[in-house]
Structure formats: C-alpha cells, structure tokens
Number of protein chains: 4
Amino acid sequence: MTQLVNEGNAMRADAQRNRARILAAADEVFAAKGAAASTEEVAAKAGVAIGTVFRHFPTKNDLLTALMKELVRELAAEVESLVRQGDPATSLFTFFAHLVERASSRKTVVDLLGVDIRVSEQLQLLREAVGILLDQAQAAGVVRSNVLLDEVMALLAATSQGALHSGWDADLRERTLAIIFTGLRSAQL
Amino acid sequence: MTQLVNEGNAMRADAQRNRARILAAADEVFAAKGAAASTEEVAAKAGVAIGTVFRHFPTKNDLLTALMKELVRELAAEVESLVRQGDPATSLFTFFAHLVERASSRKTVVDLLGVDIRVSEQLQLLREAVGILLDQAQAAGVVRSNVLLDEVMALLAATSQGALHSGWDADLRERTLAIIFTGLRSAQL
Amino acid sequence: MTQLVNEGNAMRADAQRNRARILAAADEVFAAKGAAASTEEVAAKAGVAIGTVFRHFPTKNDLLTALMKELVRELAAEVESLVRQGDPATSLFTFFAHLVERASSRKTVVDLLGVDIRVSEQLQLLREAVGILLDQAQAAGVVRSNVLLDEVMALLAATSQGALHSGWDADLRERTLAIIFTGLRSAQL
Amino acid sequence: MTQLVNEGNAMRADAQRNRARILAAADEVFAAKGAAASTEEVAAKAGVAIGTVFRHFPTKNDLLTALMKELVRELAAEVESLVRQGDPATSLFTFFAHLVERASSRKTVVDLLGVDIRVSEQLQLLREAVGILLDQAQAAGVVRSNVLLDEVMALLAATSQGALHSGWDADLRERTLAIIFTGLRSAQL
DNA sequence: GATGAATGAGTGTTCATTCAT
DNA sequence: GATGAATGAACACTCATTCAT
C-alpha cells in the first residue's frame, strides 16, 4: 500500500511542529523571492535557529524538494477529488486554471520546475493524475483525441511559469487560458 | 555629457570593441548557465579584466538589461523583415515558433524576464512589432478577431519559459505550439 | 556526592554499560578519524543519544581525557605484567615496540597528546611504570646508566606520533626502533 | 634547469606584498594554533580582508600547502649550504638538530606532515637533500652503512612531532637527540 | 537517567563592486 | 580607459553544547 502522505512517523511533537513551521516559512519565503532566497531568512520567518532548519533538511535542496513534494501531493489530491466528484468534461480545464492561478502568486510552484532538482520523479505522480483528467476529457469528447499528455503537461508548465514571471492578472489569465482551451478542444484546422 | 550606459555614441574604438565582446560573452555565458553565472566568468570569456566589464555596465543588472535590449532589438528587426517580406497569414506563427525555439536553448531569453528588470519598457518595442503581425494575421482571417495582443504576448512568454525550463525537444515544441496556434485560429467554442 | 566525571562508583547498571559503550565507540571513532571527528558520530556508534554522551562526559575534552586515562591504565597494566614476569633485560624494548606498533594504527594514542589536555597528570602513572622498566634495563646493563627517564619518554612519544602520522609499516618501524635501541644500549661516543 | 624558488612571476607589487604578508601571518597563526586555526584569523593578522586570502589561495588547503612548500624550500636551501660548506661528518647531525629545534616551536612544521595534504611530492625534495647528507656521513664513516634514508626520515619526522607536541625544552631535545645520534653512529650490538 | 531537538557561534567559500596602479 | 587586486557582506553548512520532553 503506497502512501502519498507520510513524512512524520515517530517524531517528537515539537519537532513535528517545527518541521511544519519551517515548511510554511519556506513556502512563503521562496514563493516571494524564489529559490535564491537564503535559508537564514526561512529560519527567521519560522522563528527557529538556522541549525534547526538544517537538522530537518540537511541541505537547502532537501528543503526545496520537500516543498515540491508537498505541493505535488496537494495537487494530486485535488486531481483525485476532481476525478471522483467533478464533471469529467470540465475537470481538466478546472484543474488547469486553478494551477495557473496558484502559480501566479507563488514563485515556488514555478521555480521548482527548473533548476537542478530532479523533479521528474516527483512530477511523475502529478503527471499520472493529470493523465486521468485528460482521459476523461477525451472520453467526454471535449478534447481532441490526438492531444497527448506531453503537450498538456508542457502547456501547464509553460503557463504556470508565464503567469508568475510576467505577473498576469486574473483577466489576462482567463483570456490566455481560453485560447489554450480552445486549442485543446477544437478540431485541427 | 556622460551616460551611465553608453551605447556607441562617441566611444574610443577599443572601448566599442570591448563593449561588443563583453555583450557577446555575456550572451554565451548567461545562455548556458543562467543569470546566476558570475560576472567574472563573463569577463574571462570576453578576454577583458573584470573592471572593464563594470566600467561598461556599472551593475550586473545593467549588463543583463543591455543583453535584453539587444535581444529585443534583434527580435524587432526580425518582425520588421517578416512584415515587409513575409506572408501576412503565417508570419505571426513563424515568428512565434522561431522565438520559442530560440528560447529553448538560451537561458538568457527567459531568465531576463525573471530578474528584477523592468522589462515592460524594453518589451514595448517588441510588443508593438508583434502587434503588427497580429493585425496582419487577423486581417488575413487566420486569427480570431477577438484575440488581443495581451494574450499573444502572454503565450509567447509562457511558451518561451516553458520550452527552456522544461527542456522541450523539437517534437514536443511543435505539438505544443500546434495546440496554441489552433486556439488562436479557430472559433471559440 | 555528585561527581563531574563519574568513573564507576555508585552508578546504575545501564549507566555503567553506556559509559563503557561510549568509551569503546569513542576509541574506535577517534582512532580512525582523529580527535576532529564529531561527538555525534561517537554517540551513533555507541548506540546512544548525543545527550547521553554529554551527561557522562560534560565536554568533548572530558571524553578525550577519559579515553587517555583508560589508555594509560592499560599501558601501565602491561608494564606491571612485564615487570612481574618479563625478562628485565628486554622488557623496556618490548614495551617500547609494542606501544609504537599500537600507535601506528590508532590516531587516538597520538592525537591525545596534541589537544589541550594537560597530559602530565595522566602520564605520571605511565611515566612511573616505564621508570621501573628503565631501572631494570639499566640494572641488567643493557641501557647506558646516564640515560634519563625523560629521554625515554620523549622517544616513546616521538616515535608513537611518527609511526602514526607518517604511516610506518612494520618493517620501517622495526628498523627505526633498532636505531633508537642501539642508541640506548651502546656507550656514548 | 629546475627552479626551487619561483612563485611570483609577473604579479603586481601590492599583490606580492600581500601574498607575502598572508604567508607570514599564516605561518605564525598555524604555528601557534595548528592547522585548525581559522582562515579569518590569518586574514586579520595579515591585515587584509578575507577575500584577499582566498584570492591568493583559493582553498585553505592551498594555503597550507604553500606554507609547506616554502618550508621545504628553506630546509632544502639549508641542506644545500651544508653540503657546500659544512663538515661532511657532522652536517647530518647539525641539520637534524636544527630541524627538530625549529619544529619544537612551530606547529606548522609538524602538522603539515600529517592530515590530508599530499605532502609526498613536496617532501621528495627534502628527502633527496637529506639523502646527500646521509651519504656524506656514511662516507665519512660516522654513520653505520646499513642505515637507510627511510629510517633517517622517519626519525626526523618523529622527533619533530615529539618536540612540538610534548614541548621539549632545549635540554631534553639535546639529550634525546644524543641517543638517536648514538644509535646512528655506533655499530649494532 | 536517556532522548534527541534546538541553539547559535563559527567556518570555508563566493561574488558583486570598488579603487589603486 | 584598462587592469586586476582588495573588499566584505552573504551564504550553506557543521558541531559542541543545552534543555525540554
């Protein structure tokens, strides 16, 4: 039985609390300033000493990766819920829009896709989840059948990055996604 | 009248040559390693001393900005030539594809959008140029008339970033752009 | 009556066991990596928590010192046994050779002389023991009578350190000691 | 033509001065506190910023190695002068005594022989020099002919380390070396 | 008494920027 | 103008030591 959520088996209460605090602080800090922000700042925002951060995440990269895992986990959970209770015809678009909206204010979401972190492994999970949404949408006939998961993931990444780096507002986001969704839906010209 | 960022007006011959060399080196270095690469490395590749780099570009950011300007200028020139001699119906798509292809191998193209550089100003030029291509395409009836320049620019930026950070290969690039182009062309569902 | 450095008098059974484990682990770890190895590593090898190490030895230095005491005690015991049952004419040389051989594989033996530990006090015991061997050897006429204990101790320390730091093999060790032993035996020129 | 002394070909005057200052400071600091002393302290004593130290010696190890080279060079020079103008029968002993005397106050001399620095290469030079002294002494009949260079080097290292770590005073040094010299001179018992 | 999480000063190293040569 | 040495703040990471659990 694979567990998606597990990272604190047998940990003292205070340690768990600190781990959570650090992750939260890291999320905020890296979301605002990107992965280049200093670990020291994360510690400060979490209200712990620098050593504590490194005890929980021996490397800055480990911290970044943990953040990433957490994010992927949340996203996967969201997909799962959409699969279970959402409208198969629109779930893909709903999720797509939501992710991009989220990315527009969180540098983390985006930075993590780049750099030297071996994301692949983590992203695999998300990829599979999105694959289900795509299947559903294609089964419902609202997405062309020759669209591959690769392109959907690529568009997802691209728009997430675009939304962040270029600071799209809600309106622009909507209009831009509309074009992409149209591209996914309609018959090739 | 001294200017912080000289650009070619009234400059000793060797200074001009150095400026050009530095820009070329910076392009290479930053393209390969991203904006995080050290100025020292740029100087080395340019074959000048570090002081010379800082004399021409008082700040690393100034160097990055200059690179950006140069890039925009090239792109604008390309657009202009397309406007003059290209097929109005396909020029937008041609340019779009070309930019993204270029971005996929040049970290610069993309990173520059990220830093703290106020791109807006520089991008204005490019924006106007692309505006012309869009007008042409809409006039030719191959792009829906309710598509705004904003969305086109957003898609341009997003795919450039996506192409680089996620390392799209030629095939994925083509398939992804096909979806976007379809979205631009067809009638909204 | 609480004592800073407990040594076995009135101690819970498990505490005694832990103390012994820690000393054994420390011996191994420091022998292999020198005194610069981390206390944490010692704790790990001993299978106890870091706090336990510091409860038994309030300072890293205290741990090092205890190790030293232990070593001196063992050596003194060895000397005692030689005094009781060995050949008075060769015991000094036997002990000398054995100590150096041992030093060549145990960084501890040597490093401990380096730190800031005031060895003198601990070494007194060993010194007295070696003094007996020297007396015996001089009585047997195999060591010049004007050789003082000071020099013997100095040579002992020097060769121990040399053997370790320079990594003497058995052959080199033997040949080098042969020279020293000759120096101790023969008449001054 | 091999050059023993070369390290500053084409260097700005101030850079040379600083390099020398740093080496001098490093010698003092490491001599007093051992190789574990901080680079920062070296910088402070040299009166330069920390960056300057690292510009000249990109790694702490590089600094240590440079110190070592310098030391070996001096020693080799001393040997060379002894070979040229000294009494072949006593030069080896003179040099031996001098090195140990020096070591007794300089942790550097000794620390450098240990740790992870690849000394071998550097020591080769010194080894060869001492080899000449040994040959001379054996030719003069004052050192047994079956004494090998290996043992002499081993004794040299051992006594240097001993002299330092155990803090021999002049008298003890003399008496201890007397025993070793006797061992080298007389016929094996 | 044992545990192991938290602390925080300290270390080696990098790099944008300044300035004497 | 060009050179390249000097500066020093910043950073990731380590480790002896303390203390709440």
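- Taking CZ of B/R55 as the reference point, atom CG of B/N18 lies at 11.0 Å (rounded to 0.5 Å).
- A/V72 is listed as a side-chain neighbour of A/M68, based on a closest heavy-atom distance under 4.5 Å.
- Phosphate proximity of F/dG1 to B/R55: absent, as no side-chain N or O sits under 4.0 Å from OP1 or OP2.
- Heavy-atom distances to DNA chain F give each of D/V53 and B/G47 a nearest nucleotide, and the one nearer the 5′ end belongs to B/G47.
- Atom-to-atom, CG of A/L63 to C1' of F/dC11 comes out at 14 Å; the value is rounded to the nearest Å.
- The phosphate of E/dG1 (OP1 or OP2) has no side-chain N or O of C/H56 nearer than 4.0 angstrom.
- Minimum interatomic distance between C/L64 and C/A35 (heavy atoms only, all atoms of both residues): CD2-CB, 4.4 Å.
- A distance of 10.5 Å separates CZ in D/R73 from CG in D/L71, rounded to the nearest 0.5 Å.
- At whole-Å resolution of the value, CD1 in C/I22 and P in E/dG4 are 13 Å apart.
- In this structure, the side-chain contact (heavy atoms from CB on, under 4.5 Å) partners of B/E41, at least two apart in sequence or on a different chain, are B/V29, B/K33, B/A37, B/S38.
- Stem regions for DNA chain F, each three or more consecutive Watson-Crick or G-U pairs with both distances under 3.5 Å and listed by first number, read E:2-21 with F:2-21.
- Taking atom P on both F/dT21 and E/dG1, the two are 22 Å apart, rounded to the nearest angstrom.
- By the salt bridge (charged side-chain N to carboxylate O under 4.0 Å, His left out) test, C/K45 is found to be paired with C/E28, residues two or more places apart in sequence or in another chain being considered.
- Distances shown here put a side-chain N or O of C/N18 below 4.0 Å from the OP1 or OP2 atom of E/dA2.
- Residues satisfying the side-chain contact (heavy atoms from CB on, under 4.5 Å) criterion with A/F57, sequence neighbours excluded, are A/R19, A/I22, A/L23, A/D62, A/L63, A/A66.
- Contacts of D/A15 classified as side-chain contact (heavy atoms from CB on, under 4.5 Å), with partners at least two apart in sequence or in another chain: D/M11, D/R12, D/H56.
- To the nearest 0.5 Å, atom CG of residue D/L67 and atom CG of residue D/D27 are 5.0 Å apart.
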Completion exercise
Once base and sugar-phosphate atoms are separated, protein heavy atoms under 4.0 Å mark nucleotides 12-21 of chain E, 5' to 3', with B, S and - as SBB-SBB---
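- Between A/T52 and E/dA5 there is no side-chain polar atom (N or O) within less than 4.0 angstrom of OP1 or OP2.
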